[in-house]
Amino acid sequence: AAQHQKMQDLLQALGAKIELIVWCPHGPDEGCGCRKPKPGMLYQIAEQLQADLNQTWLVGDAARDLQAGVIAGCRTALVKTGKGLRTLEQNPDLCPDFVAEDLADFVQWLLNQPGAKA
């Protein structure tokens with residue numbers, strides 16, 4: 001998709017790269033296993049990248065993002081950008097492992113954790 005290529009181009013200019021982009025092509029009534037809060041996409045990512053979801057962070061701005069991460073065994077971070085502030089207000093029982101101002105704030109925090117790799 002054009003938006004994915006634009007994102008890759010912007011990140012490449014900063015020296016970063018996204019290894020894999022996945023998305024759910026199904027509508028909300030199709031009953032698939034990949035539409036969040038179901039964790040199917042996370043399982044797909046873990047398989048393709050040989051990743052341990054218990055050692056993986058799921059970062060999102062919606063409750064269903066974090067719910068999918070919890071089901072899959074990920075640690076979760078909520079960003080306040082996008083729908084994030086509204087998500088926090090509407091879901092007082094939501095308990096992400098970390099709340100960040102935005103994605104850059106999360107990345108900076110994560111890189112400062114003991115044992116972090118860039």
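Computed from heavy atoms alone, side chains included, the values below leave out hydrogens, waters and symmetry copies. All residue numbers in this chain count up from 1 along the given sequence.
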Visitor: If only atom types and distance count, is the side chain of Q55 paired as donor or acceptor with the main-chain N or O of A51 below 3.5 Å?
Guide: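 Not at all, since once roles are kept as given, no pair shorter than 3.5 Å links the two residues.
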Visitor: Would R35 and K38 count as a side-chain contact (heavy atoms from CB on, under 4.5 Å) here? Give the steps.
Guide: CA-CA 6 Å; R35 190 172 179 85; K38 293 180 182 171; 5.8 Å; no
Visitor: Please name the pair of heavy atoms, one in D97 and one in R75, separated by the smallest distance, quoted to 0.1 Å.
Guide: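 Distance-wise, the nearest heavy atoms are OD2-CA, 3.2 Å.
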Visitor: Of all heavy-atom pairs between L53 and A46, which one has the smallest distance, and what is that distance?
Guide: CG-CB, 3.7 Å
Visitor: Are the side chain of Q12 and the backbone N or O of K17 linked by a donor-acceptor pair below 3.5 Å?
Guide: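 Not a single qualifying donor-acceptor pair exists.
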Visitor: Quick one, C24 with M41, criterion side-chain contact (heavy atoms from CB on, under 4.5 Å). Give me CA distance, side-chain angles, the key distance, then yes/no.
Guide: CA-CA 7 Å; C24 172; M41 286 190 290; 4.1 Å; yes
Visitor: Any side-chain heavy atom of L103 sitting closer than 4.5 Å to one from T81?
Guide: no
Visitor: Which heavy-atom pair separates K83 from D61 by the least distance, and what is that distance?
Guide: N-OD2, 2.9 Å
Visitor: Grab the two heavy atoms, one from P39 and one from A68, that are nearest each other, plus how far apart they are.
Guide: CB-O, 3.8 Å
Visitor: Are I18 and V59 linked, directly or through intermediate hydrophobic residues, by side-chain heavy-atom contacts shorter than 4.5 Å (ILVMFWY only)?
Guide: no
Visitor: At what distance, to the nearest 0.5 angstrom, does NZ of K80 lie from CG of D102?
Guide: 10.0 Å
Visitor: Are V79 and V107 connected, step by step, through hydrophobic side chains (Ile, Leu, Val, Met, Phe, Trp, Tyr) whose heavy atoms are closer than 4.5 Å?
Guide: yes
Visitor: So does L94 get a backbone contact from the side chain of N91, meaning a donor-acceptor N/O pair under 3.5 Å?
Guide: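 Absent.
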Visitor: If you group Ile, Leu, Val, Met, Phe, Trp and Tyr by side-chain heavy-atom gaps below 4.5 Å, do L111 and W57 land in one group?
Guide: yes
Visitor: Once you round to the nearest 0.5 Å, how far does OG1 of T87 lie from CZ of R64?
Guide: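 It is 9.5 Å, given to the nearest 0.5 Å.
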Visitor: For residues P96 and L66, report the shortest heavy-atom separation together with the two atoms involved.
Guide: CB-CD2, 3.4 Å
Visitor: Apply side-chain contact (heavy atoms from CB on, under 4.5 Å) to the pair E47 and Q44, showing each step before the final yes or no.
Guide: CA-CA 5 Å; E47 182 178 327; Q44 179 184 355; 5.9 Å; no
Visitor: To the nearest 0.5 Å, what is the distance between CD (Q5) and CG (L10)?
Guide: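 Reported to 0.5 Å precision, the distance equals 10.0 Å.
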Visitor: Could you tell me which non-hydrogen atom of A72 sits nearest to which non-hydrogen atom of L42, and how far apart they are?
Guide: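 In this case the closest contact between A72 and L42 is CB-CD1, 3.8 Å.
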Visitor: As an exercise, state the distance from OG1 of T76 to CZ of F98, rounded to the nearest 0.5 Å.
Guide: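 Between atom OG1 of T76 and atom CZ of F98 there are 11.5 Å.
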Visitor: Distance from I21 atom CD1 to H4 atom NE2, nearest 0.5 Å?
Guide: 5.0 Å
Visitor: Indicate, with yes or no, if W109 and V99 share a hydrophobic cluster defined by side-chain heavy-atom contacts under 4.5 Å among Ile, Leu, Val, Met, Phe, Trp and Tyr.
Guide: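 V99 and W109: separate clusters.
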Visitor: Atom SG in C74, atom CD1 in I45: separation rounded to 0.5 Å?
Guide: 8.5 Å
